[in-house]
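These notes concern the structure reproduced below.
What you see is a predicted model, and the numbers here were worked out from it, not measured in a lab. The first residue of the sequence shown is numbered 1, and numbering continues consecutively from there. Only this structure's heavy atoms are used, side chains among them; waters, hydrogens and symmetry mates stay out.
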Amino acid sequence: MAKLTLQSKHQLQSGHEIPVIGYGVYMVPSSATEKVTLEALNVGFRHVDSAIMYRNEKPCGKAILNSNLDRSQIFFTTKIPPGSMGYESTKRAINSSLREAAQEYFDLILIHAPYGGREARLGSWDALVEAQKAGKVKSIGVSNYGIHHLEELEAYIQGSGGGQIDVGQYELHPWLDHSDIVEWLQKRKIVVEAYSPLAHGSRLTEPVLLSIGKKYGKTPAQVLIRWSLQMGFVPLPKSTTPKRIRENVDVFDFELADEDMKLLDTGEYSPTDWDPTVDED
């Protein structure tokens, strides 16, 4: 694979670019978000992943404003929550998020989960496509969609729906095998983002991680982030500790050997969070 750096980016089908690593703010309290997001930007992150459900879009926007970086240098994401599914609700949510975060545009808006039924999902997609045409968002995509949801959307897009799926975001780490979904997305050149790439810290004492980390002189968290990068994903590690925020971008000076990547191919399916991909509606 091509040598990655902190400045590396993936090309999106929209024509825009996305940094290969992002700073996640899931479960970061609103009161702490501006400070830790500024810290992340200061150590080199140029990609911030928020959501309406996280209730911290506003402090993310403040951090971006106060970073002394040009807005064009930062990739900022939000997501449409299950409670705002459907065309009109999603349209209102997009405008509300722009006001809340004090942004003229988002770089990426995702549908957070495939809830609400077919009509609501496709209505939300219509609102995203419309917002993209209006310049309110540069790229659009989905999160937590199962293959049946993805195929429903693909058929709609190829019919009369329009737009394209630029990004698919999922919980991804060695103990959550979504290889079928990943293959579906990558086959279509859709960029795959990995949320909870550290499995919420629940696996950091796994012997295989400790062993690999010792081999490279890296922490278990750094090994997991590097695994994600080498899988072709865009990992979104979250930490509120300055030392760990710095460590999370110090992953570009080593590469996991093939045998170590194979050791991390567990085939296990253990979500640490919700998994709407299995929703049958």
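- A cation-pi arrangement is present between R188 and W184 under the rule of less than 6.0 angstrom and at most 45 degrees off the ring axis.
- Across V142, I94, L110, a single residue satisfies side chain to side chain contact (heavy atoms under 4.5 Å, CB included) together with L128, and that is I94.
- The side-chain tip of R71 does not point at the ring of F76 from less than 6.0 angstrom away and within 45° of straight on.
- There is no side-chain donor-acceptor pair under 3.5 Å between Y115 and N144.
- Looking at every heavy atom in both residues, I52 comes nearest to P81 through CD1-CD, 3.5 Å.
- Heavy-atom minimum distance, C60 versus T37: SG-OG1, 4.3 Å.
- Identified under the side chain to side chain donor-acceptor pair (under 3.5 Å) test for residues 49-64, with sequence neighbours left out: D49-K79, D49-Q169, S50-N56, Y54-K79, E57-T78, E57-S97.
- Closest approach of L198 and P237 over heavy atoms only: CD1-CB, 4.4 Å.
- Taking the six-membered ring for Trp and thresholds of 30 and 60 degrees, F75 and H47 have ring planes more than 60 degrees apart, a perpendicular arrangement.
- Relative orientation of the H149 and Y145 rings is perpendicular, given thresholds of 30° and 60° on the angle between their planes.
- Using a 4.5 Å heavy-atom threshold, the side chains of E206 and P174 count as separate.
- Contact check on E247 versus K243 returns a salt bridge, with a Lys/Arg side-chain nitrogen under 4.0 Å from an Asp/Glu carboxylate oxygen.
- Taking a cutoff of 4.0 Å between a charged side-chain nitrogen and a carboxylate oxygen, R46 and D107 do not qualify as a salt bridge.
- Checking S124 against R121 by side-chain atom types alone, no donor-acceptor pair falls below 3.5 Å.
- W274 approaches H112 most closely through the heavy-atom pair CZ2-CD2, 3.6 Å.
- Side-chain contact annotation: K238 with N248, donor-acceptor N/O pair under 3.5 Å absent.
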